[in-house]
Structures are given as C-alpha cells and as structure tokens.
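What follows is one structure encoded as structure tokens, with my remarks underneath.
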Amino acid sequence: MGFWMKKSTKKEIEAIKTALLERYSEAVTELNYNNVHELVIAVALSAQCTDKRVNLITPSLFAAYPTPQALAQADIEEVKRLIQSCSFFNNKAINLINMAKRVVEVYGGDIPMDEKELTTLAGVGQKTAHVVLIEYTQANLMAVDTHVFRVSHRLGLSEDVSATATEATLVKKFKTNLHQLHQGLVLFGRYICTAKNPKCETECFLKEYCKSTEGFKPR
C-alpha cells in the first residue's frame, strides 16, 4: 500500500520536468569537494547530516587525508574526532577507512566510476553511488533523499513508500535529464518546498501541480 493522493498526469509531469530544468539547469551539489575522493567522502558523510554541516567538517578531514592511501592508514580515533559533529560519526569513521582500504587494495587508489563497483565500498549504498555518479559524470540516474522523496510525493509524481521504489518511479516518468532533475528536486525541496512552512505562496513555481502539503517521509 502506498501513500494515496491524486496522481500527476502525463501532461503535468512534462510541465514539471520543463519547469525544473529551466530553473535548475546549472545546478550542482552544495557539497564542497575538489576531486572524486573528496566527493565520495562528502556524500557518505551527508547521510542523515546536512550539507552545511558536512562542509564545516570536510576541510580539516581532506587536509589530513588528501588521498585514499592516506585515509586507508588513518587512525580511527583521529577520524572520529574530525567528524564527531556529524550524525553516526562512529560508524562513518569506520566506513571511511574501510572504503579507502578497498580503493587502495582493489582499485589501485582510484575511485571506481561504476555503480556496482562503487557499492562494494564500505558505507556506499545505491543512493550514495548515484549521487557521486550524477555529480561527477552527469550520469542519467536518479537518487532519492528526504527532499526528493517529499517533493515527488507532494507533486503527485510518486506514491511509493520507500526511497528505492520512488527512485524507480521517477526514472520511469522522467526518463531523460535525470541528473539535472535530481539536483533540481533537491534544491527545490531544500529551499522552497520545505518540510515545515513550505513557501507555497511566495516562491513556489510549481504550485499549480501540487497535490498535497503533507510532510511525506520514506517508510
């Protein structure tokens, strides 16, 4: 059983897609990074943690461990100390070191740019892999975080209860330009279609397609 609300029509889906692409054609992640090693770390840290918070943590982390080789040999307590203001920092510290070890041992120190290979790294699930590939290679993929989930349900694009099922639905409905649409949906959800007090009257450019102002969360 999914969430029930009015579904968007094919015509509405096209209009939503066009509007998002016009507004967010140049959109990129708000996570700060200089290379793919840093991007993977930043995305992994951003799970259940805001991009703003991650961007405060990463400068000293990247300075201490600029390469997978350096991170693979890191002292676990030192990594924990550097990321302790991030949620689940204990687990994330363990995963970051194990991820770097695998990158060094299996991939010769280069982050693999393939979804299946990426998800073999510690702490890198499908969503993280997709976000990395969307951002770094403009891959035609979708990733569903809390913002994308909420927005796609409010707009009647999906009635799925899980993030994974929502992702599959969005891919099927949008088909192309997925990397831009992902970035657009994230920013739209973060700044306009917010969980609390969405800016429906003042800033929303998709108001006519809105089906609900509920605060949908994945189950």
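The shown structure was predicted, so the numbers you read here are calculated from the model rather than taken from an experiment.
- Distance alone, capped at 3.5 Å, places no donor-acceptor pair between the N177 side chain and the Q180 backbone.
- Taking CD of E167 as the reference point, atom CD of Q126 lies at 4.5 Å (rounded to 0.5 Å).
- Residues R154 and E214 are not in side-chain contact: their nearest non-hydrogen atoms beyond the backbone lie 4.5 Å or more apart.
- The shortest heavy-atom contact between V161 and F149 is O-CZ, 3.7 Å.
- Tested against K173 for a side chain to side chain contact (heavy atoms under 4.5 Å, CB included), the candidates I16, L181, I13 yield a single pass: I13.
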*Decide yes or no on side-chain contact (heavy atoms from CB on, under 4.5 Å) for H182 and V186, but give the supporting numbers first.*
CA-CA 6 Å; H182 161 74; V186 169; 3.7 Å; yes
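- For the pair Y136/V40, no side-chain contact is recorded, criterion being any heavy-atom separation below 4.5 Å from C-beta on.
- Residues I76 and L121 share a single hydrophobic cluster, defined by chaining ILVMFWY side chains whose heavy atoms lie under 4.5 Å apart.
- In this pair, F188 and F205 present their aromatic rings perpendicular. The plane angle is above 60°, beyond the 30 to 60° band.
- Salt bridge present: E159 and K7 bring a charged side-chain N and a carboxylate O closer than 4.0 Å.
- Side-chain atoms of R102 and T120 form a donor-acceptor pair, as typed in the model, at a separation below 3.5 Å.
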*asked:* Evaluate E38 against T58 for side-chain contact (heavy atoms from CB on, under 4.5 Å), listing each step before the verdict.
replied: CA-CA 8 Å; E38 293 185 359; T58 48; over 6 Å; no
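- Taking CG of L56 as the start and NZ of K52 as the end, the distance is 9.0 Å to the nearest 0.5 Å.
- The structure places CE of M99 at 10.5 Å from OG1 of T128, a figure rounded to the nearest 0.5 Å.
- Side-chain atoms of R150 come within 3.5 Å of backbone N or O of C193 as a donor-acceptor pair.
- A donor-acceptor pair is defined here as one N or O able to donate and one able to accept, closer than 3.5 Å; no such pair exists between the side chain of H147 and the backbone of A195.
- In this structure, S8 contributes its side chain and G156 its backbone to a donor-acceptor pair below 3.5 Å.
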*Decide side-chain contact (heavy atoms from CB on, under 4.5 Å) for L61 and L96; before the verdict, give the C-alpha distance in whole Å, the side-chain angles of both, and the deciding distance to 0.1 Å.*
CA-CA 11 Å; L61 185 68; L96 287 179; 4.3 Å; yes
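- Smallest separation of non-hydrogen atoms from L170 and S152: CD2-CB, 3.8 Å.
- Residues I111 and L118 form a side-chain contact, since some pair of their non-hydrogen atoms from C-beta on lies under 4.5 Å apart.
- In this structure, N140 contributes its side chain and L178 its backbone to a donor-acceptor pair below 3.5 Å.
- K80 contributes no side-chain N or O that, together with a main-chain N or O of N90, makes up a donor-acceptor pair within less than 3.5 Å.
- Residue C200 holds its SG atom at 11.0 Å from CG of L206, rounded to the nearest 0.5 Å.
- Linking ILVMFWY side-chain heavy atoms closer than 4.5 Å, directly or via other members, places L71 and F88 in two distinct hydrophobic clusters.
- Residue pairs meeting the side chain to side chain donor-acceptor pair (under 3.5 Å) criterion with at least one partner in residues 192-212, sequence neighbours excluded, are E12-K211.
- Considering only heavy atoms from C-beta on, L21 stays 4.5 Å or farther from T18 through its side chain.
- I57 and C86 make their closest contact through CD1-CB, 3.4 Å (heavy atoms, listed as atom of the first residue, atom of the second, distance).
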*Decide side-chain contact (heavy atoms from CB on, under 4.5 Å) for T166 and V144; before the verdict, give the C-alpha distance in whole Å, the side-chain angles of both, and the deciding distance to 0.1 Å.*
CA-CA 7 Å; T166 302; V144 175; 4.2 Å; yes
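- Contact of the M113 side chain with the L133 side chain is registered, since non-hydrogen atoms from C-beta on lie closer than 4.5 Å.
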Side chains of residues 41-50: which donor-acceptor pairs under 3.5 Å do they make with residues two or more places apart or in other chains?
| unit_1 | atom_1 | unit_2 | atom_2 | d |
| --- | --- | --- | --- | --- |
| S46 | OG | V43 | O | 2.7 |
| T50 | OG1 | R53 | N | 3.1 |

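- To the nearest 0.5 angstrom, F174 atom CZ is 6.5 Å from M142 atom CE.
- Between E78 and R81, at least one side-chain nitrogen of the basic residue sits less than 4.0 Å from a carboxylate oxygen of the acidic one, meeting the salt-bridge criterion.
- Cluster annotation: V148 is not connected to L31 through the hydrophobic network of ILVMFWY side chains, with a link wherever side-chain heavy atoms come within less than 4.5 Å.
- Here the side chain of H37 pairs no donor or acceptor atom with the backbone of D110 at under 3.5 angstrom.
- We find that K11 and E14 are not joined by a salt bridge, their nearest charged nitrogen and carboxylate oxygen being 4.0 Å or further apart.
- Minimum interatomic distance between A72 and A100 (heavy atoms only, all atoms of both residues): N-CB, 3.5 Å.
- Residue V106 is grouped with residue V36 when hydrophobic side chains (ILVMFWY) are merged at heavy-atom distances under 4.5 angstrom, including chains of intermediate members.
- When the side chains of ILVMFWY residues are joined at heavy-atom separations under 4.5 Å, either directly or via intervening members, V171 and V132 end up in two distinct hydrophobic clusters.
- Here the shortest heavy-atom pairing between L185 and V151 reads CD2-CG1, 3.6 Å.
- Considering all non-hydrogen atoms of both residues, F62 and N32 come closest at CE1-O, 3.7 Å.
- Side chains of K17 and T176: a donor-acceptor N/O pair is present below 3.5 angstrom, by distance only.
- Taken to the nearest 0.5 Å, the OG1 atom of T169 stands 3.5 Å off from the CG atom of D160.
- Residues Y33 and E135 bring a donor and an acceptor atom of their side chains to less than 3.5 Å of each other.
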